[in-house]
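Read through the structure below, which is laid out as structure tokens, and then see the notes.
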Amino acid sequence: MSRYGRIYDTVRKIPAGRVATYGQIAMEAGLPGHARQVGYAMAALTEGSDVPWHRVVNARGGISARSAGPAFEQIQRLLLEAEGIPFGPEDHIDLERYGWDPSE
DNA sequence: CCGTTGACGGCGA
DNA sequence: ATCGCCGCCAACG
């Protein structure tokens, strides 16, 4: 987990009530263009992890489908709504309003 | 060693 | 705005 440590560390910085995109996390972690590796790193997480994985969404503000099954997608949406983040008619979050700005 | 796969994203048609 | 193709790179068989 040597190289992904930067990724997990960056995800931990996302404040509650905010979300960040895979590409954004990659950039903040010093790995621009490696959005896919961020997704791969998230898939490797265990349930006891202190990483707020649910705050990571795709570039359109939506929840990406995963091989683990649709159940986790539901859980992610529930966790985000519990933090006050609303989903639009197309199941997407308004990144302009709820996207994480690292400089804040 | 090589081909496939995958929690993605950008660009062109 | 939507769709499809391609690039990125680590993990697996």
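Residue numbering restarts at 1 for every chain, and letters A, B, ... go by the order of the sequence lines. Small disclaimer: the values here were computed from a predicted structure and weren't measured.
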If I take atom [atom1] in residue [X] and atom [atom2] in nucleotide [N], what distance separates them, rounded to the nearest angstrom?
| X | N | atom1 | atom2 | value |
| --- | --- | --- | --- | --- |
| A/Glu90 | C/dA1 | CD | P | 12 Å |
| A/Arg6 | C/dA10 | CZ | C1' | 18 Å |
| A/Tyr4 | C/dC9 | OH | P | 11 Å |
| A/Arg66 | B/dT5 | CZ | C1' | 17 Å |
| A/Tyr22 | C/dA10 | OH | P | 19 Å |
| A/Ile7 | B/dA7 | CD1 | C1' | 12 Å |
| A/Gln24 | B/dG10 | CD | C1' | 16 Å |
| A/Arg60 | C/dA1 | CZ | P | 12 Å |

*Is there a side-chain contact between A/Pro52 and A/Val11 (heavy atoms, below 4.5 Å)?*
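Side-chain contact under 4.5 Å: yes.
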*When you compare B/dA7 with C/dG13, how far apart are their P atoms, in angstrom units rounded to a whole number?*
16 Å
_Any carboxylate oxygen within less than 4.0 angstrom of a Lys/Arg side-chain nitrogen, looking at A/Glu73 and A/Arg77?_
no
*Salt-bridged, A/Glu28 to A/Lys13, with N to O below 4.0 Å?*
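Looking at A/Glu28 and A/Lys13, the cut-off is not met.
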*Is the number of heavy atoms from other residues, nucleotides or ligands under 6.0 Å of A/Gln74 CD greater than 12?*
no
_A/Phe87 atom CZ, neighbour heavy-atom count above 12 within 6.0 Å_ =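 Enclosed: over 12 neighbouring heavy atoms sit under 6.0 Å from CZ of A/Phe87.
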_What's A/Ala43 touching, base or sugar-phosphate or nothing? Going by heavy atoms closer than 4.0 Å._
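It contacts base atoms.
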*Please work out if A/Ala68 contacts a base, only the sugar-phosphate, or nothing of the nucleic acid, heavy-atom cut-off 4.0 Å.*
nothing
_Among C/dG7, C/dC9, B/dA7, which nucleotide has an atom closest to any side-chain atom of A/Gln37?_
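Of the candidates, C/dC9 comes closest.
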*Closest to the A/Tyr40 side chain: B/dG6, B/dA7, B/dG9?*
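Side chain of A/Tyr40 sits closest to B/dG6.
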Taking only side-chain nitrogens and oxygens of [X], does any of them come within less than 4.0 Å of OP1 or OP2 of [N]?
| X | N | answer |
| --- | --- | --- |
| A/His34 | C/dC9 | yes |
| A/Ser64 | B/dC8 | yes |
| A/Ser67 | B/dA7 | yes |

*Can you tell me the Watson-Crick or wobble partner of B/dG6, both distances under 3.5 angstrom?*
C/dC9
*Could one point to a donor on the side chain of A/Arg36 or the base of C/dG7 with an acceptor on the other under 3.5 Å away?*
yes
